[in-house]
Amino acid sequence: MADAQPGILAPVPRLGRYLNFSLKAGAEPRQTLPKLIDVADGNQTVVGLGQPAVLALGKTIRGLKPFPTHFGGGLVLPSTSSALWCWLRGQDRGDLLHQSKKIADTVAAAFNLDGVIDAFSYSTGRDLTGYEDGTENPQGDKAVDAAIVAGQGAALDGSSFVAVQLWVHDFKAFDAMSSADQDNAIGRRKSDNKELVDAPASSHVKRTAQESFAPEAFVLRRSMPWAEGMRGGLNFVAFGKSFDAFEAQLKRMVGAEDGITDALFKFTQPVSGSYFWCPPMTRAKLDLSAIGL
Ligand code: HEM
């Protein structure tokens with residue numbers, strides 16, 4: 001029986017690093033991808049494959065597709081193509097650098113390293129706006145049920161689909177809001193994380209309340225704050241057994257259902273958007289049999 005990559009279900013680490021790779025022109029990842037198995041353990045390094053890598057092998061993974069730019073409503077969101085995504089999880093920046101180099105060298109024959117995002121846990125698991133993030137994440141079996149594929153056959157069970165968006169915060173705009181407006185934008189009180197029952201319909205937690213969808217739309221969020229120089233925000237990461245729940249939430253955030261846009265957009269916006277399929281593990285190793293490797 002295949003397992004999930006353990007880093008998906010584990011708590012968010014102190015430090016993280018995200019590596020995004022594109023396929024080299026004409027490259028054949030068949031020889032290269034299996035080498036990842038020796039350097040990526042699914043725990044300290046979680047691996048996701050984008051559609052370009054899967055298609056280059058002449059394969060498909062049902063449900064894996066490019067990130068849509070339009071979810072309905074008035075906003076068009078960025079979609080950024082990426083062939084390979086690695087989420088490095090750790091405690092030490094030096095270790096993360098060495099692991100990044102090891103991975104980049106291992107896949108260099110077929111993949112270009114296009115981007116590196118350094119991420120971290122802030123305070124007690126807060127977004128850089130100061131709000132607790134992850135409170136309503138499903139726990140235990142519910143987390144597995146939300147995030148991990150089951151009943152699809154040996155090569156797919158244990159895998160996961162992940163949506164990744166780099167959000168850049170406009171701290172000036174956020175700081176200009178009164179603390180009541182900030183709380184109403186999130187739908188929770190920053191001071192004690194209490195949900196505001198009378199929050200406006202535009203508040204982020206009203207938009208995304210997972211139980212309010214039909215069917216219910218649970219995802220396992222493993223986002224981390226990021227910073228570079230004076231810029232920063234949230235690298236939003238949501239694992240699901242498909243992209244359906246994420247898409248239902250984003251649809252509401254952009255106002256596709258009722259014309260009401262998530263108040264988050266007042267002070268932050270995504271600059272990337274990518275989808276990946278995270279292969280399962282068999283006997284503690286990444287299992288790439290679904291893509292014929
Ligand atoms: C910069 C971007 C974002 C920030 C700062 C942010 C922040 C937050 C915060 C502070 C909460 C409340 C505590 C919690 O339950 O975690 C929350 C809840 C949530 N967010 Fe976000 N979020 C962002 C983007 C997104 C996106 C893009 C989605 C999905 C498309 C999303 C989905 C959710 C969900 C499902 C919940 C829990 C709702 C519930 O069931 O109560 N978030 N977010």
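Both counts, for ligands and for their atoms, begin at 1 and track the order of listing.
Remark: minimum distance from atom 4 (C) of ligand 1 to any protein heavy atom is reached at L234 CD2, 3.7 Å. Scanning the protein for heavy atoms near atom 16 (O) of ligand 1, the closest one is G134 N, 2.5 Å. Of the protein's heavy atoms, E132 O, 3.4 Å lies nearest to atom 13 (C) of ligand 1. Remark: minimum distance from atom 41 (O) of ligand 1 to any protein heavy atom is reached at E136 CG, 3.2 Å. In terms of protein heavy-atom proximity, atom 40 (O) of ligand 1 is nearest to Q210 NE2, 2.8 Å. The protein atom (non-hydrogen) at minimum distance from atom 14 (C) of ligand 1 is T135 N, 3.2 Å.
Residues V205 and E195 form a side-chain contact, since some pair of their non-hydrogen atoms from C-beta on lies under 4.5 Å apart.
For ligand 1, the atoms lying closer than 4.0 Å to a non-hydrogen atom of R188 are 12 (C), 13 (C). Residue M253 has at least one heavy-atom neighbour below 4.0 Å for each of these atoms of ligand 1: 26 (C), 27 (C), 28 (C), 29 (C), 30 (C). The contact set between ligand 1 and Y131, taken as ligand atoms under 4.0 Å from a residue heavy atom, comprises 10 (C). Atom numbering of ligand 1 starts at 1 in the shown order; those under 4.0 Å from a heavy atom of T268 are 1 (C). The atoms of ligand 1 that sit less than 4.0 Å from any heavy atom of D127 are 5 (C). Interface atoms of ligand 1 facing H169, defined by a heavy-atom separation under 4.0 Å, are 1 (C).
Between the side chains of S160 and Q5, no donor-acceptor pair is found at a separation under 3.5 Å. Between the side chains of R30 and T32, no donor-acceptor pair of N or O atoms lies under 3.5 Å. Side-chain N/O atoms of N184 and S203 include no donor and acceptor closer than 3.5 Å. At a cut-off of 3.5 Å, with distance as the only test, a side-chain donor of T80 or S274 sits close to an acceptor on the other residue. For Y131 and D183, the side-chain atoms include at least one donor-acceptor pair closer than 3.5 Å. Side-chain contact, Q182 with T129: no donor N or O sits under 3.5 Å from an acceptor N or O.
Nearest residue to atom 32 (C) of ligand 1 from R126, Q249, Q165 is Q249 (criterion: closest heavy atom).
Counting only protein N, O or S atoms, 1 lie closer than 2.8 Å to atom 21 (Fe) of ligand 1.
Test F161, F276, W277 against F243 for ring-ring contact (aromatic ring centres under 6.0 Å, His included) and you get one pass: F161.
Annotation: cation-pi geometry not satisfied between R252 and F71 (NZ/CZ under 6.0 angstrom from ring centroid, within 45° of ring axis).
Residue A209 places a heavy atom less than 4.0 Å from ligand 1.
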